Amino acid sequence: MHTGNTQVRVRFAPSPTGYLHVGGLRTALFNYLFARKHGGTFILRIEDTDQKRSIPGALEELITTLTRTGLQHDEGPDVGGDYGPYIQSQRTDIYKQYIQQLLDSGKAYYCFCDEERINRIREEQRKRKRPPMYDGKCRDLPLDEIADKLAQGLPFVIRLRYPKEGKTVFDDVVRDRVAIDNSIIDDQVLIKSDGFPTYHFASVVDDHLMKITHVIRGEEWLSSVPKHIFLYESFGWEVPVFVHLPLLLNSDRSKLSKRQGDVSVESYLEKGYLTEALLNFIVLLGWHSADDREIYSLKELEDAFSLDRINKAGAVFDIEKLNWMGGQYIRTLDVGYIADQSRRFFEEAGIDISDNDKYLKVINTARDYVYCLSMIVEHARMFYDAVTFSEEDRDLIGQEDSRRIFSYWIEALEGQETWSPDDLSVLVKKAIGDLGIKGKNFYFPIRLALFGNCHGPDIPTLIDILGRDESVERLTNALHLEQ
RNA sequence: GUCCCCAUCGUCUAGUGGCCUAGGACACCGGCUUUUCACGCCGGCAGCCGGGGUUCGACUCCCCGUGGGGACGCCA
């Protein structure tokens with residue numbers, strides 16, 4: 001791999017078709033990490049040559065999402081760079097110029113066959129159990145006939161004149177050496193009848209012009225590498241290093257699709273999965289360090305990552321492990337940061353979190369229960385909203401022992417101006433002794449009164465978060481609850 | 001169908017001929033901690049797809065099967 005003397009330049013080249021796929025995020029991540037590791041350049045290029053599929057606004061959302069995850073690109077449509085434009089639909093003049101070269105050198109040819117004919121011959125080939133390919137009808141059209149058809153304004157495409165003999169052998173960092181027979185490679189359409197280039201043509205031209213050194217992309221592109229190499233060689237350009245990443249899979253091991261659960265990065269972010277967790281989880285799908293370490297920050301990955309530890313086999317996207325990872329980060333990261341990230345969910349729920357001391361305490365307690373931030377509200381709202389009780393709860397609250405506990409605590413708290421959580425622990429022990437009630441009989445009623453649930457944080461934590469007045473009020477409400 | 005790629009616990013993976021009685025993580029199960037739940041800690045269950053070679057010795061190398069996936073678009 002020529003990473004020593006060449007300046008590393010890699011690109012992430014998505015299509016703006018609506019949302020960022022988690023597989024796309026992983027491709028972007030691997031490109032980003034490789035660039036950072038080698039002090040290289042990470043480029044964002046937008047492949048919007050299919051007008052039918054391009055969605056307005058998708059480009060902006062894509063950039064927003066990528067930026068949110070921290071995978072900041074060095075060159076791209078929004079930040080510029082020396083090799084722009086970075087949006088393919090703005091590069092049509094460039095493609096025209098290069099396709100002409102191919103036409104002139106005989107490496108490409110005009111094809112006037114319409115889609116009906118193409119479909120028909122493909123169908124026949126399929127029936128005959130042959131690989132469906134263009135039959136070469138226009139491959140050797142006389143020049144005057146071409147000129148004539150062009151003059152008539154007949155619709156056309158431009159195809160690659162791919163050699164029928166020999167085989168193409170190439171090296172891939174992940175797959176090692178791959179050999180493919182040329183006879184099975186089709187005369188790929190390079191320029192569509194609408195004048196736009198296809199992926200194969202545009203990406204090769206752009207990768208060359210943008211001085212891309214390493215093409216890191218999904219394995220679904222492996223079988224088209226011969227076409228790409230043929231293009232590079234036809235132009236006399238240096239072929240980049242290929243790195244074909246193993247696919248991300250559904251649990252049934254088919255290519256990850258939106259069939260089974262969420263595949264859009266936006267939806268995970270929307271649910272409040274931390275980008276730290278998402279990235280950490282996703283890098284482990286197809287890459288692993290030599291030791292047993294699994295938790296890495298993006299910064300740490302920039303150092304630890306290397307292409308030679310990428311796996312060959314596809315990896316199932318296992319949400320269970322993502323969830324675990326999500327919980328790890330929510331519990332480990334600075335509580336202030338988690339609080340900031342959680343803020344929007346509280347606002348959406350209409351909860352007033354203006355008391356910041358209280359809010360931080362709430363977050364610090366509630367974060368033990370969740371793996372994404374949208375979940376945190378349901379574990380925190382009892383600290384803000386009035387508690388509600390089920391029929392069963394009311395039975396327990398109404399019992400004699402429960403009422404004794406409430407009265408005791410109301411009195412105890414009213415006599416106490418300030419406290420630390422430790423003081424409260426002492427108070428709990430004293431209460432148990434004084435009342436002669438212990439275990440669940442003691443804890444469940446009071447937790448119910450304070451928190452609205454028999455299960456949850458310990459009593460000192462609850463009282464500490466609620467504060468004296470709110471605690472007393474809740475206990476009083478429970479004491480006077482209508483049966 | 002054709003071509004290409006792949007193959008270690010259910011899942012993500014470590015392992016590059018003897019360090020393997022196959023290691024770690026998730027999930028699952030059990031225990032501890034806790035008044036409870038969660039967290040945390042400790043422990044357990046579970047795997048080299050099959051068959052041939054090569055070798056003194058194969059998870060590791062080769063071949064053949066089998067299985068899975070991808071590509072075969074005027075989509076990327």
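Predicted model, so just to flag it, every value in this text is computed and none were measured. Throughout, protein chains are lettered first and strands after them, A, B, ... in sequence-line order, and every chain is numbered starting at 1.
- Under a cut-off of 6.0 angstrom, the local environment of CD in A:E116 is sparse, with at most 12 non-hydrogen atoms contributed by other residues, nucleotides or ligands.
- Here B:rU2 presents its P atom at 18 Å from CG of A:D186, a figure rounded to the nearest Å.
- Using a cut-off of 4.0 Å between Lys/Arg side-chain N and Asp/Glu carboxylate O, A:D401 and A:R404 are scored as salt-bridged.
- When heavy atoms are screened at a 4.0 angstrom cut-off, A:R53 is found touching base atoms of the nucleic acid.
- As a whole-Å value, the separation of A:Y296 OH from B:rC12 C1' is 14 Å.
- Here A:R45 pairs with A:E47 in a salt bridge; the nearest charged N to carboxylate O distance falls below 4.0 Å.
- Residue contacts shown for A:V157 include a base, since a base heavy atom lies under 4.0 Å away.
- Under the 30°/60° scheme for interplanar angles, the aromatic rings of A:W221 and A:Y199 are found to lie parallel.
- Of the nucleotides present, B:rU11 is the one that pairs with B:rA25 by Watson-Crick or G-U wobble criteria, both distances under 3.5 Å.
- Looking at heavy-atom distances under 4.0 Å, A:S193 makes contact with a base.
- As rounded to the nearest Å, B:rA38 and B:rC28 have P atoms that lie 11 Å from one another.
- Atom-to-atom, NZ of A:K255 to C1' of B:rG68 comes out at 15 Å; the value is rounded to the nearest Å.
- Residue-level contact check: A:G218 touches neither bases nor backbone, having no heavy atom under 4.0 Å from any strand.
- Applying the Watson-Crick and G-U wobble criteria (two distances, each under 3.5 Å), B:rC32 pairs with B:rG40.
- Under 3.5 Å, the side chain of A:Y369 and the base of B:rC39 form no donor-acceptor pair of N or O atoms.
- Between the side chain of A:N31 and the backbone N or O of A:V10, no donor-acceptor pair lies under 3.5 Å.
- For the pair A:R253 and B:rU11, the criterion of a side-chain N or O lying under 4.0 Å from OP1 or OP2 is met.
- Across all strands, A:I459 comes closer than 4.0 Å to base atoms (heavy-atom distances).
- A:K129 comes within 4.0 angstrom of sugar-phosphate atoms only, judged by non-hydrogen atoms across all strands, and of no base.
- Within the nucleic acid shown, A:E47 comes within 4.0 Å of sugar-phosphate atoms alone, with no base atom in reach, counting heavy atoms only.
- In this structure, NZ of A:K312 is placed 22 Å from P of B:rG68, rounded to the nearest angstrom.
- Across every strand in view, B:rA76 sits unpaired, with no contact that passes the Watson-Crick or G-U test at under 3.5 angstrom.
- The partner of B:rU60 cannot be assigned: no Watson-Crick or G-U wobble pair with both contacts below 3.5 Å exists in any strand.
- Looking at heavy-atom distances under 4.0 Å, A:P14 makes no contact with the nucleic acid at all.
- B:rU60 sits 11 Å from B:rG18 when the C1' atoms are compared, rounded to a whole Å.
- Pair assignment for B:rC20: none, as no Watson-Crick or G-U wobble contacts are both less than 3.5 Å.
- Within 6.0 Å of atom NZ in A:K164, more than 12 heavy atoms from other residues, nucleotides or ligands are found, so the atom counts as buried in its surroundings.
- In this structure, of B:rC74, B:rA76, B:rG10, it is B:rA76 that holds the atom nearest to the side chain of A:H200.
- Look at NZ on A:K429: it is 11 Å from C1' on B:rU34, rounded to the nearest Å.
- Within 6.0 Å of the CZ atom in A:R309, the count of heavy atoms belonging to other residues, nucleotides or ligands exceeds 12.
- Remark: the separation of the P atoms in B:rC9 and B:rA14 is 12 Å, to the nearest Å.
- Comparing B:rC74 with B:rU11, their P atoms are spaced 37 Å from each other, to the whole Å.
- Residue contacts shown for A:Q51 are absent, as no nucleic acid heavy atom lies under 4.0 Å away.
- A distance of about 44 Å separates the P atoms of B:rC63 and B:rC29, rounded to the whole Å.
- Contact annotation: A:R367 side-chain N/O to B:rC39 OP1/OP2 distance is not under 4.0 Å.
- Across the protein-nucleic acid pair, A:L222 atom CG and B:rC72 atom C1' stand 13 Å apart, rounded to whole Å.
- Closest to the side chain of A:R447, out of B:rU2, B:rU35, B:rG24, is B:rU35.
- Side-chain nitrogen and oxygen atoms of A:R309 include at least one within less than 4.0 Å of the OP1 or OP2 phosphate oxygen of B:rG15.
- The phosphate of B:rG1 (OP1 or OP2) has no side-chain N or O of A:K127 nearer than 4.0 angstrom.
- Base pairing annotation: B:rC3 forms a Watson-Crick or G-U wobble pair with B:rG70, both donor-acceptor distances under 3.5 Å.
- Residue contacts shown for A:T49 are limited to sugar-phosphate atoms, with no base heavy atom under 4.0 Å away.
- Only the P atoms considered, B:rG53 is 15 Å distant from B:rC59, to the nearest whole Å.
- With distances taken from any side-chain atom of A:D50 to the nucleotides B:rA76, B:rU36, B:rC5, the minimum falls on B:rA76.
- In terms of phosphate contacts, A:S251 brings no side-chain nitrogen or oxygen within less than 4.0 Å of OP1 or OP2 of B:rG10.
- Nearest-nucleotide positions on RNA chain B for A:W287 and A:L322 put A:W287 closer to the 5' end.
- At a threshold of 4.0 angstrom between heavy atoms, the contacts of A:E320 are confined to the sugar-phosphate backbone, with no base atom among them.
- Across the P atoms, B:rC5 and B:rC64 are found 13 Å apart, a figure rounded to whole Å.
- Aromatic ring pairs are classed by plane angle as parallel below 30°, tilted from 30° to 60° and perpendicular above 60°; the pair A:W409 and A:F442 is tilted.
- No engagement by A:F442 is indicated, since no non-hydrogen atom pair under 4.0 Å with the nucleic acid exists.
- Distances were taken from every side-chain heavy atom of A:P131 (C-beta onward) to each of B:rA25, B:rG1, B:rC5; the shortest belongs to B:rG1.
- Contact annotation: A:R122 side-chain N/O to B:rG73 OP1/OP2 distance is under 4.0 Å.
- Classified by interplanar angle (parallel below 30°, tilted 30° to 60°, perpendicular above 60°), the ring pair A:H200/A:H228 is tilted.
- Rounded to a whole Å, the CZ atom of A:R293 is 18 Å from the C1' atom of B:rC26.
- Along RNA chain B, the nucleotide closest to A:A290 and the one closest to A:P457 are compared, and the more 5′ of them pairs with A:A290.
- OP1 or OP2 of B:rU13 has at least one side-chain nitrogen or oxygen of A:N311 nearer than 4.0 Å.
- Following rounding to the nearest Å, A:L160 (CG) and B:rC74 (P) show an atom-to-atom distance of 13 Å.
- Distances from the side chain of A:W324 to the nucleotides B:rA25, B:rU35, B:rG70 place B:rA25 closest.
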Check your understanding: Going through the distances and angles, do A:D172 and A:D176 end up as a side chain to side chain contact (heavy atoms under 4.5 Å, CB included)?
Key -> CA-CA 5 Å; A:D172 181 277; A:D176 302 322; over 6 Å; no
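- One can find a donor-acceptor pair under 3.5 Å joining the base of B:rG24 and the side-chain atoms of A:E294.
- Within the structure, a side-chain polar atom (N or O) of A:Q328 is placed less than 4.0 Å from OP1 or OP2 of B:rG40.
- Counting any heavy atom pair closer than 4.0 Å across all strands shown, A:K52 reaches sugar-phosphate atoms only and no base atom.
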